[in-house]
Amino acid sequence: MDRLALVLEAILLTAAKPLSLEQLESFFSSEEAVTRPQLRAALKVLADNCVGRSFELKETASGYRLQTREQYSTWVLKHHIEKPAKYSRTLLEILALIAWRQPITRAEIEEVRGVAVNGAVIKTLLEREWIRVLGHKEVPGRPEMLGTTRQFLDYFQLKSLDDLPSLMEVRDVDLATLVVEAPSD
Amino acid sequence: MDRLALVLEAILLTAAKPLSLEQLESFFSSEEAVTRPQLRAALKVLADNCVGRSFELKETASGYRLQTREQYSTWVLKHHIEKPAKYSRTLLEILALIAWRQPITRAEIEEVRGVAVNGAVIKTLLEREWIRVLGHKEVPGRPEMLGTTRQFLDYFQLKSLDDLPSLMEVRDVDLATLVVEAPSD
Amino acid sequence: MTANVVNPRQLALPVARVHGKPITSVPEDLYIPPNALAVLLDTFEGPLDLLLYLIRHQNLDICEIPIAKITEQYMGYVKLMHEFQLELAADYLVMAALLAEIKSRLLLPRREMLSLEEDPRAELVRRLQEYEQVRQAALDLDNLPRFEREHWAAQTAAEFEPPVRAQPEVKLPELLAAFQQLLKRADLLTHHQIKREPLSMRERMSRVLAQLQGQSALSFASFFAPEEGRRGVVVSLMAILELLKAQLIEVHQADEAYAPLMISLPTSPQAVAA
C-alpha cells in the first residue's frame with residue numbers, strides 16, 4: 001500500500017461517519033498537494049488491500065467508510081450482549097413466595113411482605129416466563145392466582161416443586177454455605 | 001490470514017475498549033471450541049498481518065486493541081477541532097508520584113513535592129479514572145491511599161506498572177562533598 | 001507550563017559569592033515587575049522546584065550544592081516577593097525558614113561532625129533529589145505514547161441487526177436467601193403451616209387422569225378449583241407436575257404468547273399403558 005492509501009486507511013478507521021472526497025481532501029495541507037485523482041487512486045489501492053481482511057471499503061451516499069464484512073456479524077453482534085443487571089431482592093422475594101406458596105394472589109403476597117407489589121416486577125416475571133396466571137380466585141374482584149412455570153423449574157434445574165427445600169429447611173439452612181459469590185465484574 | 005485471525009480482527013475493530021483473552025474467548029460458542037492457545041496464535045497472525053498497515057495490535061493492561069500507528073496521528077488529529085489535552089506539570093507530577101509510589105496518601109505527596117496538593121487535580125485524576133482510592137491508611141485520620149487504575153495503564157500504552165520507565169537514580173549524599181561556604185553577609 | 005519555558009535570563013539571579021569574590025550589589029535585572037514575578041512564581045511547582053531551578057541553572061550538582069549560595073539566592077527571591085507584596089505560598093516561607101536554619105548552623109564554629117540524619121543539609125539534598133526524581137518521572141510519563149494523543153482506536157462501521165438484550169442471571173441459593181430473609185421478617189412459620197401432602201397428591205393425580213379420559217384436551221386452569229383453597233390448588237399443581245414428570249400427561253400451548261396451557265393424555269400408546 002502506498003503512503004496516501006495508508007493515511008486514508010488511518011483517517012477512515014478513526015472516522016465517526018462516512019467521509020466524502022471533499023472531506024478527505026481537507027485532511028491534507030496545501031503543501032501536501034493531494035489532488036482528487038490521487039485521492040481516488042489511493043482509495044482504489046485501499047479497497048484492493050481490504051481483500052482478504054475482515055473489512056471492506058464502502059462508498060455510501062455520504063461518502064467512504066470502512067466497514068466490517070457481513071460474514072463476521074455473528075461475532076461482532078456479541079459486543080451488544082451486555083452483562084445483564086442483577087434482579088432486585090424484591091423480585092426474588094416475590095418469586096420465592098410464588099414458588100413456595102403457589103397459587104398465590106397479589107393481595108396475599110402483599111400481606112406477607114407488608115408492602116404493595118410493584119406491577120413491573122410481576123410483569124418481568126411473566127415476561128421471563130417464570131410465573132404464570134394459574135386462574136382466578138373466586139373472591140370479590142376475582143384476583144389472579146400466580147404460580148411458577150416449567151421454565152422456572154428448568155431454569156433452577158429442579159425436576160419438580162418437590163425439589164424445592166421445605167419452608168422449615170429454608171428457614172434453618174445455612175445459606176452462607178450455599179450462596180456462591182458472584183464474580184465481580 | 002486464517003479465519004480465526006479475521007474474526008478477531010472484526011471483533012477488535014468494532015470493540016469500544018481493549019478486550020482481554022478471556023473476553024475474546026466469550027465471543028465464541030462452545031461448539032466453535034476455540035482454545036486459549038489458538039486465540040494467542042491467531043492474535044499473533046493478526047499482529048503480523050498489521051505490518052504494512054496503518055494500524056497495529058497493541059496489548060495493554062486490560063487487553064488487546066487495534067489502534068492507529070503513531071506516524072498517522074498528524075492526519076488523525078484533524079478529526080478533532082480541539083487538540084488533545086495537555087496536562088499541567090502539577091497534574092503530571094502528582095500522577096507520576098501516585099504511579100511510581102502507590103499506595104500513597106496526599107500527605108506523602110505533599111511531603112515529596114513540598115507544596116499542598118490541589119484537590120481539583122486529584123478530582124480530575126479520579127474523574128479521568130486514572131487513579132482510585134485503594135484503601136485507608138491505618139494512621140490517625142485514616143487518609144486515603146491512592147493508586148493508579150487499569151485505564152491509566154491503557155491510556156499510557158502500558159501492560160503493567162513494570163513497564164513504567166525506571167526512575168532516575170538517587171545518590172547517597174556524601175557530606176564531605178557538600179560545599180560549605182561562608183555566607184556573604 | 002514547564003520551567004523550560006521560563007526565559008533563563010529573567011531568572012539570572014545575582015550570585016552572592018563566586019569563588020571567594022564578594023557580592024557587589026543586587027543587579028538591576030533582579031528587579032522584575034511584580035506582575036512578571038507573579039507569573040514566574042506560577043511556573044514553579046513549589047520551593048523545591050525553585051531551588052532545583054537555581055541549582056540547575058548554574059550547572060551545579062545537587063549533591064555538591066553550595067548551600068550558602070543557593071540559600072542567599074532563594075532568600076533574595078523571597079525578599080523580593082515581600083517587597084512587591086506578592087502573596088507567597090506558605091510552602092515557600094517554610095523553605096526559607098529551613099534555609100535560614102541551615103545558614104545559621106554554618107555560621108556556628110565547627111564542632112564535631114554531625115551525622116547524616118542530623119545534618120539539615122543532607123535532609124535538604126535528599127528532598128531535592130527525591131523531588132527531581134518526581135519531576136523527571138512526570139516528564140517521562142508525558143513522553144509516553146498516549147491513547148488519543150498518538151494512537152486512536154481503529155474502528156470499522158458495523159451496523160448489523162439490533163442488539164440482543166440478555167436477561168439477568170439468578171441462582172437458586174440467591175432465591176433461597178431472599179426467601180429466608182422474607183421468612184424471618186414475616187415470621188411466616190408461626191402463622192401458616194404448610195405441609196406436603198403426598199397422599200392427597202396421589203389421589204389428585206388419579207383424579208386428573210380420570211378427568212382427561214375421553215377428552216381430547218382440557219385447559220390447565222380447569223384442574224384448579226379455587227374453592228378448595230390454596231392447599232387444594234397446590235395439590236392439583238403438584239399432581240399435574242408429577243404426572244408430567246412421569247409422562248402420563250402432556251401439556252401443550254398454542255404458539256402465541258400467554259396462550260392457555262392445554263393438558264391431554266399422551267398420544268403414544270406405551271405411555272398410556274404406563
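Residue numbers begin at 1 in each chain, while the letters A, B, ... track the order of the sequences. FYI, side chains are in, hydrogens and waters are out, and symmetry mates aren't considered; it's all heavy atoms of this structure.
Residue Thr14(B) holds its OG1 atom at 12.0 Å from CZ of Phe55(A), rounded to the nearest 0.5 Å. Rounded to the nearest 0.5 Å, atoms CZ (Phe27(A)) and OG1 (Thr74(B)) are 12.5 Å apart. Distance check: Cys50(A) SG to Arg53(B) CZ gives 5.5 Å after rounding to the nearest 0.5 Å. Note that NZ of Lys78(B) is 14.5 Å distant from CD of Gln23(A), once rounded to the nearest 0.5 Å. Of the inter-residue distances, the one linking Trp75(A) atom CH2 with Ser29(B) atom OG reads 8.5 Å to the nearest 0.5 angstrom. To the nearest 0.5 angstrom, Thr68(B) atom OG1 is 8.0 Å from Leu13(A) atom CG.
Your options are Ala10(B), Ser26(B), Ser73(B), and the one with the most heavy-atom pairs under 4.5 Å with chain A is Ala10(B). Among Leu66(A), Ile11(A), Leu8(A), the residue making the largest number of heavy-atom pairs under 4.5 Å with chain B is Ile11(A). Counting heavy-atom pairs under 4.5 Å between each of Gln71(A), Arg69(A), Met1(A) and chain B puts Met1(A) at the top.
Proximity to chain A (any heavy atom under 4.5 Å) is shown, for Ala15(B), by both the backbone and the side chain. For Leu19(B), the part sitting under 4.5 Å from any heavy atom of chain A is the side chain, from C-beta outward, and nothing else.
Residue Glu70(A) qualifies as open at atom CD: its count of foreign heavy atoms under 6.0 Å is 12 or below.
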